[in-house]
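Heads up: the structure comes next, in structure tokens.
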Amino acid sequence: MSTYNTIYNIVRQIPRGKVATYGQIADLANLYGKARLVGYALYRVDKNSDIPWQRVINAKGEISYSPLRHGADYLQKTLLEQEGIKFNSAGKINLKEYLWHPSRDMLHGTILSSLDL
DNA sequence: GAAATGACCACGA
DNA sequence: GTCGTGGCCATTT
């Protein structure tokens, strides 16, 4: 379970009011080109978990809607709006403004040693 | 152990 | 700008 735990730990680092893309998370987890794994990992996350899963969106700046999520996708939009993140008319987020800018402490690879459980 | 599953991304047309 | 295609691989059944 190490790979998923790494992903979860990175997601926990996303500050309130910011968002990150799947590819970005994959990059930080030293999983360049394996962005799908991030999505798969988050699919397993429980809504009651301490992981801010709502702050992870796709590369288009949109929430990934899917019927398999029991409406969690719509909940995600609500949670993000409560954090002050705005959606445009197309339901997209302005990544230029809200995209998380990871600190140098967690540049790829480095985060593994500091967050490994 | 094999097959199915799954919130994606980069690229070309 | 949209749309289709290929590649990616850990976890679960």
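Source: prediction; values computed, not measured. Lettering of chains follows the sequences in order, A, B, ..., and the numbering in each one begins at 1. Just so you know, these numbers use all the heavy atoms, side chains as well, and skip hydrogens, waters and symmetry mates.
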**Asked** Given B:dA7, B:dC8, C:dT12, which nucleotide is nearest the side-chain atoms of A:W53?
**Response** B:dA7
**Interatomic distance, A:L37 CG vs C:dT12 C1' [rounded to whole Å]** = 14 Å
**Prompt:** To the nearest Å, how far apart are A:R36 CZ and B:dT5 C1'?
**Reply:** 9 Å
**Prompt:** When the distance from CD of A:Q24 to C1' of B:dA7 is rounded to whole Å, what number comes out?
**Reply:** 16 Å
**Request:** Classify the side-chain pair A:R55/A:Q76 by whether it contains a donor and acceptor separated by less than 3.5 Å.
**Result:** no
**Message:** Looking at A:T3, I'd like to know whether one of its side-chain N or O atoms comes within less than 4.0 Å of OP1 or OP2 on C:dC9.
**Reply:** no
**Request:** Give the C-alpha distance, both sets of side-chain angles, the deciding distance and a yes or no for salt bridge (Lys or Arg N to Asp or Glu O under 4.0 Å) between A:E97 and A:K86.
**Result:** CA-CA 10 Å; A:E97 185 168 1; A:K86 299 172 188 173; over 6 Å; no
**Message:** Membership question, hydrophobic clusters at under 4.5 Å side-chain separation (ILVMFWY): are A:W100 and A:L95 in the same one?
**Reply:** no
**Message:** With heavy-atom distances below 4.5 Å as the criterion, would you say the side chains of A:N58 and A:T21 are in contact?
**Reply:** no
**Request:** Provide, to the nearest angstrom, the distance between the CG atom belonging to A:N58 and the P atom belonging to B:dA10.
**Result:** 11 Å
**Nearest-Å distance for atom pair NZ/C1', residues A:K34 and B:dA7** = 19 Å
**Fill in**
The nucleotide from B:dC8, C:dT12, B:dA7 with an atom nearest the side chain of A:L42 is B:dA7
**Prompt:** What is the nucleic acid contact for A:I63, judged by heavy atoms within less than 4.0 Å: base, sugar-phosphate only, or nothing?
**Reply:** nothing
